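Quick note on labels: first sequence line is chain A, next is B, and so on, each numbered from 1. Note that the structure is predicted; figures quoted are calculated from it, not measured.
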2 protein chains.
Amino acid sequence: MTLTTNFQPLYKQVYDVLVKRLVDGYWKPAETLPSEFALAKELGVSQGTVRKALNQMVAEKLLRRRQGKGTYVSEHTQESSLYRFFRYREPGGEKVIPETTVISTRRRKATKPEQLTFNLDSKLQLVEMIRLRTINDLPAIYEIVLQPLALFPDIDKERDLPNSLYTLYQEKYGVSVVEVRDELSAVILTEEVADQLALKAGSAALKNTRASISIDGRVIEVSTAYCSSDNFVYSVTIK
Amino acid sequence: MTLTTNFQPLYKQVYDVLVKRLVDGYWKPAETLPSEFALAKELGVSQGTVRKALNQMVAEKLLRRRQGKGTYVSEHTQESSLYRFFRYREPGGEKVIPETTVISTRRRKATKPEQLTFNLDSKLQLVEMIRLRTINDLPAIYEIVLQPLALFPDIDKERDLPNSLYTLYQEKYGVSVVEVRDELSAVILTEEVADQLALKAGSAALKNTRASISIDGRVIEVSTAYCSSDNFVYSVTIK
DNA sequence: CAGTGGTCTAGACCACGCC
DNA sequence: GCGTGGTCTAGACCACTGA
């Protein structure tokens, strides 16, 4: 263990080592990490330094800690964090849980801009998945999801796709989404999308263009969602 | 200094004391706080405990620290944080700086729901301010702002309102906005608003209903903004 | 140079979960 | 009781700032 080569603070070097272990799958979601003292001994630093690195990772929601039990790798499949990235609410802020049905999937080549987004080569194959999300049995969100086939082999042959794709990414492909970037705008619906949302063509809808980022910083999914603005809002708190 | 009465961790008690001093205006924006050792001595705790409380406040952006210089109360008037709550961008993410002109101001009684929002009594007087924000000389955002007159006496008589109302709240009224809650939806513009935004009536626009929260947790402003969706998006990152 | 915050260590004690 | 993480302390040294 050579921790002394960089000019980074020790705790940052420890942090980098630990994050790399998560990225490499050395520790998997829900797994228990060694105790602070065990890590400190292994890495040749003091327990307080390990603690500082661990706490930073907790702040970034990569880990969870429970007093008396231990330190765990976050599963983004838990109720508490499963809907962390799902920002649609009833006006006033009431949480809402969506159901999902897949309308279609197909494979296609990535366009130039898409290649740039995913930062991959020109042979990039994508899966394009179209989904309809319903809330309280009302059609609410029409969603076009793009995934690089290289990251998610045969994802289009998956039957029983879960309600949350992020769960699938993590459990089946070992890819954890830790950040999303949304761009919201308003559009007039085309007839096709309006039909799916049981709205009139010409209605206004929220359009959300989302890039999902994994633990190693890569964009691993891009989606465009059209949300019926009659009954739902996109709700976000900025601190 | 009695810090031992609660069953809170020491650093949390220190945190509460320090936050209270900010709320009460004992320390004002841009002011330098005493050093860690000075605070530790005054409060009868160790320097490490003070540091933990200070660092939490830095994480919440209430304070800023500079090695070798000291600890400062955040001014939300700085370039870096001034536009922290301004989320409109060009598609693709390029930052954008708005200009603002006030269209009208008037005083009126609060409605029942508004009284609830501001958590004040029934005699609550509001100032209703209508503003147009332009970006690169193009009308972009039409905004209706509601402020309790009790919090901001004679704010409607202010001339030369600044581009950022938050700056005014802080500098003139000692009220710091530390959090905003946005609810986004899509609407079809009425003729009146469309005219102001130089759009056709019937165009789609982003509607943003925002509550602004001050350091003591109260809602101190409510606004409704209509943003031309042709050239701008609302951009947000969730981690 | 003195004073500030930033890092790192070592050790004590507490609170919690589990056997 | 034992092992875990959580808090608190005390002290050392470093890095940056400004007189």
Side-chain angles (χ1 to χ4, degrees), chain A residues 1-19 21-22 27 30-75 78 80, chain B residues 1-19 21-22 27 30-75 78 80:
Chain A
M1 194 78 270
T2 71
L3 281 175
T4 48
T5 46
N6 307 336
F7 294 99
Q8 295 269 42
L10 253 191
Y11 75 88
K12 172 64 171 145
Q13 298 178 44
V14 171
Y15 169 90
D16 287 340
V17 169
L18 301 184
V19 168
R21 292 190 181 177
L22 295 185
W27 290 318
E31 197 170 332
T32 307
L33 265 60
S35 73
E36 293 180 349
F37 279 106
L39 285 172
K41 192 177 174 191
E42 178 202 343
L43 300 175
V45 300
S46 81
Q47 173 255 6
T49 302
V50 171
R51 171 180 291 266
K52 187 158 181 178
L54 290 175
N55 282 342
Q56 182 170 337
M57 293 170 76
V58 169
E60 293 166 357
K61 313 206 191 200
L62 300 179
L63 302 176
R64 291 175 311 114
R65 318 192 75 187
R66 295 243 305 274
Q67 189 176 79
K69 297 203 68 177
T71 303
Y72 305 86
V73 182
S74 288
E75 314 166 72
Q78 293 172 95
S80 58
Chain B
M1 192 79 272
T2 69
L3 282 175
T4 47
T5 46
N6 306 336
F7 294 99
Q8 295 269 48
L10 252 190
Y11 75 88
K12 173 64 172 145
Q13 297 178 45
V14 171
Y15 169 90
D16 288 340
V17 168
L18 300 184
V19 168
R21 291 190 182 176
L22 295 186
W27 290 318
E31 197 169 334
T32 307
L33 265 61
S35 73
E36 294 180 350
F37 279 105
L39 285 172
K41 191 178 174 189
E42 180 201 343
L43 301 175
V45 300
S46 81
Q47 174 254 6
T49 302
V50 170
R51 171 180 290 268
K52 187 157 182 178
L54 290 175
N55 282 343
Q56 182 170 338
M57 293 170 76
V58 169
E60 293 166 356
K61 313 207 189 196
L62 299 179
L63 302 177
R64 291 175 312 113
R65 319 191 75 186
R66 295 237 314 266
Q67 189 176 87
K69 298 202 70 177
T71 303
Y72 305 86
V73 182
S74 287
E75 315 165 73
Q78 293 172 99
S80 59

### Task
Return the set of residues passing side chain to side chain contact (heavy atoms under 4.5 Å, CB included) with B/K12 (not counting sequence neighbours), or none when no residue passes.
B/Q8, B/P9, B/Y15, B/D16
## Note on the structure
Residues passing the salt bridge (charged side-chain N to carboxylate O under 4.0 Å, His left out) test with A/R51, sequence neighbours excluded, are A/E36
### Query
Mind checking what makes side chain to side chain contact (heavy atoms under 4.5 Å, CB included) contact with A/E75, not counting sequence neighbours?
A/P29, A/A30, A/T77, A/Q78, A/Q170
### Task
Name all residues meeting the side chain to side chain contact (heavy atoms under 4.5 Å, CB included) criterion together with A/T32; count only those two or more places apart in sequence or in a different chain, and write none if there are none.
A/Y72
### Query
Quick one: side-chain hydrogen bond (donor to acceptor under 3.5 Å, both in side chains) partners of A/S46, sequence neighbours excluded?
A/T49
### Task
Could you state the atom-to-atom distance from CD of B/Q8 to P of C/dC14 in whole Å?
19 Å
### Message
Would you say that B/L22 contacts B/M57 through its side chain, given a criterion of any heavy-atom pair below 4.5 Å between the two side chains?
### Response
yes
### Task
Note the angle between the end axes of the helix from C/dC1-D/dG18 to C/dC18-D/dG1, five pairs defining each, rounded to 10 degrees.
10°
### Query
Just by distance, with hydrogens left out, do A/R65 and A/T71 show a side-chain donor and acceptor under 3.5 Å apart?
yes
### Message
Just the rounded figure in Å: distance from C1' of C/dG5 to CE of B/M57.
### Response
16 Å
### Query
Going from CG on B/L63 to CD on B/Q56, what distance comes out if it is rounded to the nearest 0.5 angstrom?
11.0 Å
### Task
Using a heavy-atom cut-off of under 4.0 Å over every strand shown, decide if B/Y11 touches base, sugar-phosphate, or nothing.
sugar-phosphate
### Query
Got B/L54 and B/L33 here, is their nearest side-chain heavy-atom distance under 4.5 Å?
yes
### Query
Got a sec? Which of residues 59-75 of chain B come in under 4.0 Å of DNA chain D, heavy atoms?
B/Q67, B/G68, B/K69
### Task
Mind checking side chain to side chain contact (heavy atoms under 4.5 Å, CB included) for A/A59 and listing every partner two or more places apart, or none if nothing turns up?
none
### Query
chain A on DNA chain D: first and last contacting nucleotide, 5' to 3', under 4.0 Å to a heavy atom?
D/dG3 to D/dT7
